[in-house]
Amino acid sequence: MKKHNFNPGPSILPRIAVENTAKAVLELEGTGLSILEISHRSKDFEAVVNEAVSLFKELMKIPEGYHVLFLGGGASLQFCMVPFNLLNKKAAYLETGGWAQKAIKEAKFFGEVNVVASSADKNFTYIPKFNIPTDVDYFHITTNNTLYGTEIRHDIVSPVTLVADMSSDILSRPVDVSRYGLIYAGAQKNIGPAGVTVVIVREDILGKIERKIPTMLDYRTHVKENSLYNTPPCFAIFAVKETLKWLKSIGGLEKMSEINNSKAQLLYDEIDRNSLFTGTCEPVARSIMNICFILTEKYKQLEEEFQKFASSKGMVGIKGHRSVGGFRASTYNALPVESVKALIECMQEFEKMHA
Ligand SMILES: *Cc1c(COP(=O)(O)O)cnc(C)c1O
């Protein structure tokens, strides 16, 4: 049966990227070696890194003065690497979900943290209003809250260095990179497979800290060595490059954003129409990438049954995060509109059976 992959991460990748990566596992074109076997110091692999960096720069229209890095440790390591490199005395954070809370926890190891606003009071179902203080080293936001399904889908203006965890919505829309000092994202949602984290950093924000930074945790090490200071995740970087090639081939971020908006619109319309289901987030804050919904009070007891019904129709990964319950459909870049339509059909059939 055809599967519809709504996994929240690792998640669906473009088929062509998976196929090309599979080929490279057998042989990296023209080298006689597998991508799993080649030296990260070879010119063949250096070409892979360089192409991935240059595709990133092209797709995101990254201005001069920024570097694109491929690092290990996941987005979670960035929760501590950011303050390690940027927090002298005080930083401001916006608390919009579980990932933001984890970032805040790590920042507190390095200095004072001003949580400017939080939506914890309503289980992170909205984006709180906030003011950005000017007496801080940086302001940290999570642009998309993967677990709860809210998103800041525009580039905010910040009077201080703006740092963004874009793990689950990077490359889903055009971004004005010049507004940000640093952007980071674990690859396994919208960029590629697990194992690599992308960091986009403006050079002039680095080197301003008083503390000493261990070599591997210092962004300047990786800037200087073009992400090749130590052995990088070669395989994952190759797959990222293939995903970026696909993104370029379909028309880049403007086109991607259009497609993502229309996929999300279809599903939210059905959630709002269907008498069995209801969305969990404030409509203005709804994420385009992680669409959370639950059964209404009257039909609550059908949760397990819908889960089973949807699985029987090929839906994968729609169980909501345990902190929300219900369902979450992750509609990342590579998810085809056909999968969204298949889920909608499921919901409609289920409504006919029960309403
Ligand atoms: C998945 C996710 C993370 C954690 O990523 P890891 O690479 O697993 O460390 C952090 N922030 C956000 C917004 C995420 O969606």
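One-based numbering, in listed order, for ligands and for the atoms of each. As a basis for the values below, the full set of heavy atoms in this structure was taken, side chains included, without hydrogen atoms, waters or symmetry mates.
Looking only at protein heavy atoms, the nearest one to atom 5 (O) of ligand 1 is A75 CB, 3.4 Å. Counting only heavy atoms of the protein, atom 11 (N) of ligand 1 lies nearest to D165 OD2, 2.6 Å. Atom 9 (O) of ligand 1 has as its closest protein heavy atom S76 OG, 2.6 Å. At the top of the distance list for atom 14 (C) of ligand 1, counting protein heavy atoms only, stands K189 NZ, 2.9 Å. The single protein non-hydrogen atom nearest to atom 15 (O) of ligand 1 is T146 OG1, 2.4 Å, given as residue, atom name and distance.
Residue contact check for ligand 1: Q188 places a non-hydrogen atom closer than 4.0 Å to it.
Nearest heavy-atom pair, I237 versus P232, reported as atom, atom and distance to 0.1 Å: CD1-CB, 3.8 Å. Contact between N114 and P133 at its shortest, heavy atoms only, is ND2-CG, 3.7 Å.
To the nearest 0.5 Å, atoms CD1 (I209) and CG (L86) are separated by 6.5 Å.
Shown in contact with S168 at under 4.0 Å from a heavy atom are these atoms of ligand 1, numbered in order with element: 15 (O). Below 4.0 Å from some heavy atom of N144 lie the following atoms of ligand 1, by number and element: 13 (C). Atoms of ligand 1 found under 4.0 Å from any heavy atom of G74, numbered from 1 in the order shown, are 7 (O), 9 (O).
By the 4.5 Å heavy-atom criterion applied to side chains, I183 and V199 are not counted as neighbours.
If you look at K102 next to ligand 1, there are no close heavy atoms at all, none under 4.0 Å. Proximity of Y184 to ligand 1, defined as any heavy-atom pair under 4.0 Å, is not found for any part of the residue. Contacts between T142 and ligand 1, counted as non-hydrogen atom pairs separated by less than 4.0 Å, involve the side chain only.
Taking the six-membered ring for Trp and thresholds of 30 and 60 degrees, F84 and F110 have ring planes inclined between 30 and 60 degrees apart. Ring geometry for Y138 versus Y93: interplanar angle over 60°, hence perpendicular rather than tilted (30 to 60°).
Of the possible donor and acceptor atoms, none in the side chain of N145 sits under 3.5 Å from a partner among the backbone N and O of L147.
Salt-bridge formation is detected for the pair R286/D272: a Lys NZ or Arg NE/NH1/NH2 atom is positioned less than 4.0 Å from an Asp or Glu carboxylate oxygen.
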